[in-house]
Amino acid sequence: MPTSKLTPLAHMKVPPKWIKLPVKKSTRSIDQTNASKAKNDAKQAIDQTSEMISTDVQTDKGSSRNDKIERDHLVGMIHQELIFIMKVCPRLGKHEEDIRKAAEKAYTDYIKIKDELCEIKELKYLKKTVTKLKLQIPAGYRTYDESYKQTNAENKAISKLLKKMPRFHDKLFHRSPFCKAIQLRFNNLESHLKLCLLCFSVFPENAIISRRSMVYWWIGEGLTPCEDDLEGGSTAEDSANEYFQKLIDMEFIEPVSRSYRRYVAFCKMHPLVRAALVMIADKINFFDFDEYGNPKDFGKFDEIGSPEDLPLFYPLDEPREFFYFFNEKQEPIPEPIQFFDSERNPYQFAAMNQVSSQSPSQSLVDRNGEPINKTRKYYFYSRKKIITKSYNLCLMGSGLSEGITWEKLHMLFNVGDIFLEFKPEWFLRMKNINVLFLGRWKSSAAHYIAVDEFEFEKSLDNMNHLRFFSLQGVSRIPRLPDSISRLTSLLILDLRACEHLEVIPETIGSLKCLTHLDISECYRLMKMPKDISCLKSLQVLKGFVVFETPGQDVCTLKDLNKLRKLRKLNIFAHMKDFPKESHLEDLENLETLRKLTILWGSNIIDPFKIINSKKKHNLVSKFVKLITKKKRGQGSTSRGSNSTLGAQLEKLDLKCFPHVHKAPEWLKPGNLKGLKKLYIRGGGFSDLGQYQDDFQWDEHSPVLPIETWDVEVLRLKYLEELDMEWGELQSLFPKLISLEKVKCPRLTLFPCNEHGVWRSDRLN
């Protein structure tokens, strides 16, 4: 089979042969042919690749026509995206090296696809890899790629069309009965609910928003009461959850795909409701919005060098948002600014500062230094200064601008940036910041965000009022800086899914106000700093790692006994036999713990043991069912230990359960009497108590009652070994009011709906 030698992209003086770049023309025809040229190139690439693939698969009788069409389509899309990356890569500056390395590997894989017959799933994987690579290119660089932007004429037509379309954010909508009804309902809300509701205005239309992000945001903004003022052991998080539910009940927000559950994890807002709230938020300067109802992208101010850039990169934006315009007599222009004449020739623009600085004999020049032809129409312009009316700002895709007044900033929320580019001096000036949400808010984990060589160590010194700091899902952060200890007012530190995070400093113990620490899904973390046990205010700890041999200066479960307010704990166990007797004792000593999640690490379940035991298990389960009417013993009174996870535990969530068939003693009904919610997902779990106990063969032994659960909410997912009928489960869970089962093939005769959910009549 022929092979292709890879030419490193870093040493290419010209594009490789497989990239057919359009030849620039000096005539105006290029504006009319760019789009069709790209389509022809894509079609040619697809045709060439299809011929090579068909040569290799002529003998493959099982290949269907639909597979070939899909294969050709994928190859064509990969080809086009590689063209894009190759053309834009030299313009990336400090980003170039990382992008280029990944591009070289993608190029190698592309060559293999051209020369070898691979499965469609491999093509899909490569397509996903190349797309993710393309998305790592900052938006400011992507807009300058000629093959992906429309011609000036097309941009102008689209701009005119969209500006003529009706918008929700105008005076006509403001006077509509619907908008007035929303305003009336808004005015009747309590003040804290008004502010909570306005937070939804920053998200795009129909965006799916997580409850968790909003709850943390509201706590960070101080919209929940102080815990000292709450009664009955309630927390600020409990109050925020109540606010969220109230907004659902009042139909300001809608639950998303969770109508069959009692707990709503995600929501969205109707576009008309959002439009009305945007008008309210804009009126009171809660955020700065543009004319289309989106938070202003102030980063564009640094990208736009002169008015000529506007029709090319931001055709829908109002030119006067960026510049003042004057006619040839240096008088302000009231009429709309035109960029092209009737023959599509561009108008000329000259900077206003030339008038005062140039000598009488010196001619005017445009931004490229070319003389202004005064026989044709031209404009003078001067740049506007950035004016922010709100104390809250959003990252919308273009980063931040040098002209921001950092000192008055209270909140910075990342709505659309995928590359975070900051200067340390910006952060040092954020002396009044309360909420710094730089991470991922979208529900999809595929949403990529990366930080670009940001020096955290030098940037956190002056944020004395910061209460909520989120870096959720942000890549390229290998360690948290020691300066994190200077955030003395911090309540919530969200580091969830920071895939490159390896080190948390010991100085984290200085955060005496911290109530929430989320380091879940940070799978490179190999050590829990000892000083986590010094976080006296900590209520929620997610992602706590437990090892077989923890080593020195590592925080253990026993150390967590110092945390007298800890009520929610999420554990990632790197050991199959977790929890051991010592672990159970440590967990039992956590007197305030109410919710516990345990995730066992990968590759600790022996799949061969499960497979080899299936036949034996089938025989045993049939035998058990034949003698269920016989006498039973009370649980396993021959249990070796009386240790439990804690009688005070209300919710238990087990993921990737490693034990095969027989449940451990700590997971027996009699040892979890206070448990109200039980979630089990994945693993070899198969024993909910239906086999209790070993059979009493002695006819003279007393018949003891079956141990039952007090659980009210039960979720069972991906449990292939769990074998029960509906009647058996009802007898074991007499207080059950809600059940959800997903892909548990041996749970039979269950009266669940199409979502796998059953709910008791007692809930109606």
Side-chain angles (χ1 to χ4, degrees), residues 92 94-95 97-99 101-102 132-133 135-139 212-213 216 220 395 397 399-400 412-428 430 433 435-442 444-463 466-487 490-511 514 516-529 531-532 535 541-545 555 570 572:
L92 297 181
K94 56 187 177 182
H95 303 291
E97 183 178 355
D98 292 336
I99 301 290
K101 287 180 181 179
K132 185 176 181 180
L133 177 61
L135 292 175
Q136 293 182 34
I137 298 173
R212 174 180 172 276
S213 297
Y216 286 177
L395 298 170
L400 290 172
L412 181 62
F413 193 96
N414 183 9
V415 176
D417 269 19
I418 60 172
F419 256 88
L420 303 178
E421 300 180 86
F422 302 113
K423 297 180 180 179
E425 55 265 28
W426 295 354
F427 272 46
L428 289 173
M430 295 183 187
I433 194 82
V435 173
L436 193 56
F437 197 119
L438 303 180
R440 182 179 69 226
W441 61 267
K442 295 183 179 180
S444 173
H447 181 55
Y448 181 85
I449 302 178
V451 68
D452 182 49
E453 301 177 1
F454 182 57
E455 299 179 1
F456 280 112
E457 185 67 41
K458 303 177 181 179
S459 306
L460 305 179
D461 290 353
N462 299 329
M463 295 185 179
L466 186 64
R467 293 159 57 90
F468 174 31
F469 188 18
S470 173
L471 293 169
Q472 179 186 343
V474 178
S475 301
R476 302 185 184 180
I477 301 178
R479 63 168 291 137
L480 209 60
D482 292 338
S483 58
I484 195 74
S485 62
R486 301 189 182 109
L487 305 179
L490 193 64
L491 299 178
I492 302 173
L493 180 57
D494 183 7
L495 304 172
R496 181 179 181 181
C498 291
E499 59 180 354
H500 295 123
L501 185 63
E502 298 177 2
V503 179
I504 296 177
E506 292 288 345
T507 55
I508 197 172
S510 301
L511 303 178
L514 196 69
H516 293 66
L517 175 60
D518 192 344
I519 49 177
S520 57
E521 300 179 41
C522 299
Y523 298 119
R524 297 193 184 190
L525 276 177
M526 302 303 292
K527 178 182 177 182
M528 293 290 102
D531 278 9
I532 286 182
L535 302 173
L541 175 57
K542 296 182 179 181
F544 187 82
V545 184
C555 188
N570 182 317
F572 181 54

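The ring-ring contact (aromatic ring centres under 6.0 Å, His included) check on Phe469 picks up nothing, with sequence neighbours excluded. Under the rule for a side-chain hydrogen bond (donor to acceptor under 3.5 Å, both in side chains), the partners of Ser213 that lie at least two apart in sequence or sit in another chain are Ser210. Listed by chain and number, the residues in a side chain to side chain contact (heavy atoms under 4.5 Å, CB included) with Asp461 are Leu428, Ser483, Arg486 (sequence neighbours excluded). Among residues two or more places apart in sequence or in another chain, the salt bridge (Lys or Arg N to Asp or Glu O under 4.0 Å) test is passed with Arg496 by Glu521. By the salt bridge (Lys or Arg N to Asp or Glu O under 4.0 Å) test, Glu502 pairs with Arg524, sequence neighbours left out. With sequence neighbours left out, the salt bridge (Lys or Arg N to Asp or Glu O under 4.0 Å) criterion links Asp417 to no other residue.
Interatomic distance, CG of Leu480 versus CG of Leu471, reported as 7.5 Å (0.5 Å rounding). The CG atom of Leu495 lies 8.0 Å from the OG atom of Ser470; values are rounded to the nearest 0.5 Å. Note that CD1 of Ile532 is 8.5 Å distant from CD of Glu506, once rounded to the nearest 0.5 Å. Taking CG from Asp518 and CG from Asn570, the interatomic distance works out to 7.5 Å, rounded to the nearest 0.5 Å. Here the CD1-OG distance, from Ile508 to Ser485, works out to 10.0 Å after rounding to the nearest 0.5 Å. The CG atom of Leu514 lies 10.0 Å from the CG atom of Leu487; values are rounded to the nearest 0.5 Å.
Considering all non-hydrogen atoms of both residues, Leu412 and Ile433 come closest at N-CD1, 3.9 Å. Taking both residues in full, the closest heavy atoms of Leu501 and Cys522 are given as CD2-SG, 4.2 Å, listed atom of the first, atom of the second, then distance. Closest approach of Cys555 and Pro529 over heavy atoms only: CB-O, 3.2 Å. Here the closest non-hydrogen pair linking Arg467 and Gly220 is NE-O, 2.9 Å.
At a threshold of 4.5 Å between non-hydrogen side-chain atoms, the residues Pro481 and Leu460 count as touching. Two residues are said to be in side-chain contact when any heavy atoms from C-beta on lie closer than 4.5 Å; Tyr216 and Phe437 fail this criterion. Using a 4.5 Å cut-off on side-chain heavy atoms (C-beta onward), Leu436 and Phe427 make contact. You'll find the side chain of Leu400 reaches within 4.5 Å of the side chain of Trp426, heavy atoms only. At least one side-chain heavy atom of Ile519 sits under 4.5 Å from a side-chain heavy atom of Leu525.
With ring centers used as reference points, Phe544 lies 6.0 Å or more from Phe572.
When atom types are taken as modelled, the side chain of Arg479 and the backbone of Val503 share no donor-acceptor pair closer than 3.5 angstrom. Judged by distance alone, the side chain of Asp531 and the main-chain N or O of Gly509 form no donor-acceptor pair under 3.5 Å. Without hydrogens or angle criteria, His516 side chain to Ile492 main chain gives no donor-acceptor distance under 3.5 Å.
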Yes or no on side-chain contact (heavy atoms from CB on, under 4.5 Å) for Asp494 and Phe468, after CA distance, side-chain angles and deciding distance?
-> CA-CA 8 Å; Asp494 183 7; Phe468 174 31; 4.1 Å; yes
Step by step, work out the side-chain contact (heavy atoms from CB on, under 4.5 Å) result for Val545 and Lys527.
-> CA-CA 7 Å; Val545 184; Lys527 178 182 177 182; over 6 Å; no
Output, in order, the C-alpha distance, side-chain angles, deciding distance and verdict of side-chain contact (heavy atoms from CB on, under 4.5 Å) for Arg440 and Ile449.
-> CA-CA 7 Å; Arg440 182 179 69 226; Ile449 302 178; 4.0 Å; yes
